[in-house]
2 protein chains.
Amino acid sequence: MAKPPKENSPITEHLAYLLAQANREINRQLELRLSKEGVPVEQWRILKVLSDGDGHSMGELADAVLLNHPTLTKMIDRMVSDALVYRVQDPNDRRKVLMFISDRGKVLCKKLNSLAVDQEEHILESYGDKSTSELKRLLESLIDSSN
Amino acid sequence: MAKPPKENSPITEHLAYLLAQANREINRQLELRLSKEGVPVEQWRILKVLSDGDGHSMGELADAVLLNHPTLTKMIDRMVSDALVYRVQDPNDRRKVLMFISDRGKVLCKKLNSLAVDQEEHILESYGDKSTSELKRLLESLIDSSN
DNA sequence: TTGAAAATATTGAATATTCAAGAATTGAAG
DNA sequence: CTTCAATTCTTGAATATTCAATATTTTCAA
């Protein structure tokens with residue numbers, strides 16, 4: 001009954017692979033819904049973070065939305081063009097730029113939120129309430145233990 | 001004790017976000033280890049899938065390693081240049097290309113496997129045996145329920 | 001106070017990914 | 001058989017991401 005050595009285990013048994021697969025699938029579903037408004041998932045994340053109304057620096061935002069700095073800068077450029085967000089120089093530290101959500105951005109964010117809620121409800125239905133909350137708990141704790 | 005409406009819940013509570021975050025972190029760690037051999041995670045996956053010695057078509061491979069077709073084609077081009085894998089036209093269906101791992105590829109794959117095992121062991125240590133297997137179980141079942 | 005090092009954001013070139021179209025082969029209906 | 005649709009893979013152009021370098025501002029030690 002000895003376990004086979006890990007080296008020969010199929011890729012589908014690795015945690016890294018299972019996470020990638022699950023992430024890909026859930027992200028694909030979310031993308032599909034958000035595409036109704038023509039918005040990529042990352043932009044929804046940005047809007048959601050900014051919708052607390054506070055100003056967030058680019059560095060803060062990049063961390064929060066899982067994008068690296070140059071990618072975020074360019075995505076924000078597009079969102080500024082679309083008048084969803086705007087830049088303000090931080091008066092306390094002029095190296096920083098504070099990002100804010102516009103009224104237009106808030107309206108869009110509301111629509112996106114309800115599309116995202118649709119998805120979460122769909123997951124709850126097919127996957128179950130209990131499994132979902134247990135999975136969330138485990139993921140949070142994995143993320144914690146990785147820092 | 002009513003739950004707050006989901007629409008206002010922070011992004012960090014969404015399953016899609018937790019998955020993205022966990023995936024990013026674990027992938028980053030794995031990347032770091034594999035970079036010792038100068039190999040991206042996707043190439044390790046490809047080698048691992050091919051290391052059963054059977055021929056796998058590009059379509060099959062693309063599914064297995066979570067890459068879309070054109071991206072896979074270009075990555076395989078690089079790996080062929082590096083003599084890690086090779087193409088053979090499928091004799092039974094000449095539309096298909098069967099991919100095989102080379103001896104050089106097998107040698108590299110072994111080294112990569114042990115780097116990957118290192119990581120899994122590191123996760124087991126900091127995150128725990130029980131949590132890890134429970135998380136894997138839940139991820140598998142989420143993936144199942146999404147098809 | 002000054003000057004060097006650190007922090008923050010952006011830019012541009014190099015690289016990678018994606019989308020849409022194309023080429024080759026097979027399947028299958030008429 | 002022949003032809004037309006479907007399947008499989010690759011290519012090229014458009015797009016996006018990343019890396020390294022730059023500009024600006026702040027911090028802090030001498």
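Letters go in sequence order (proteins before strands), and every chain restarts at 1. Computed from heavy atoms alone, side chains included, the values below leave out hydrogens, waters and symmetry copies.
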Options C:dA20, C:dT10, C:dA9, nucleotide nearest the side-chain atoms of A:S57: C:dA9

No-H, no-angle donor-acceptor pair, B:R95 side chain to D:dT7 base, under 3.5 Å: yes

Closest nucleotide among C:dA9, D:dT10, C:dA16 to the B:R78 side chain: C:dA16

Sidechain-backbone polar pair: A:S102 side chain, A:A83 backbone, donor-acceptor under 3.5 Å: yes

Point-to-point distance, once rounded to the nearest 0.5 Å, from NE2 of A:H122 to OG of B:S145: 8.5 Å

Value in whole Å for how far the P atom of D:dT10 lies from CG of B:L67: 13 Å

Atom-pair distance (CG on B:L72; P on D:dT11), nearest Å: 13 Å

Any donor-acceptor pair under 3.5 Å from B:R24 side chain to A:L66 backbone: yes

Distance-only polar pair, side chains of A:T71 and A:N68, donor-acceptor under 3.5 Å: yes

side-chain N/O B:T71 vs C:dT17 OP1/OP2, d < 4.0 Å: no

Separation of D:dT8 P from B:N92 CG (nearest whole Å): 14 Å

Residue mapping more 5' on DNA chain D - nearest nucleotide basis, B:E60 or A:M75: B:E60

Derivation of the salt bridge (Lys or Arg N to Asp or Glu O under 4.0 Å) call for A:R28 and A:E25: CA-CA 5 Å; A:R28 197 190 57 76; A:E25 179 58 26; 3.0 Å; yes

A:D93 CG - C:dA9 C1' separation (whole Å): 11 Å

Rounded distance in Å - CZ (A:R94) to P (D:dT27): 12 Å

Nucleotide nearest A:V97 when distance is taken to its side chain, options C:dT10, D:dC9, C:dT17: C:dT10

base_contact_polar (D:dT11 base, B:K74 side chain, donor-acceptor, <3.5 Å): no

Between C:dA16 (C1') and B:D77 (CG): distance, integer Å: 13 Å

Between C1' of D:dT25 and CD of A:Q89, the distance in whole Å: 9 Å

Value in whole Å for how far the P atom of D:dA16 lies from NE2 of A:H69: 21 Å

Short side-chain N/O contact to D:dT10 OP1/OP2 from B:R87, under 4.0 Å: yes

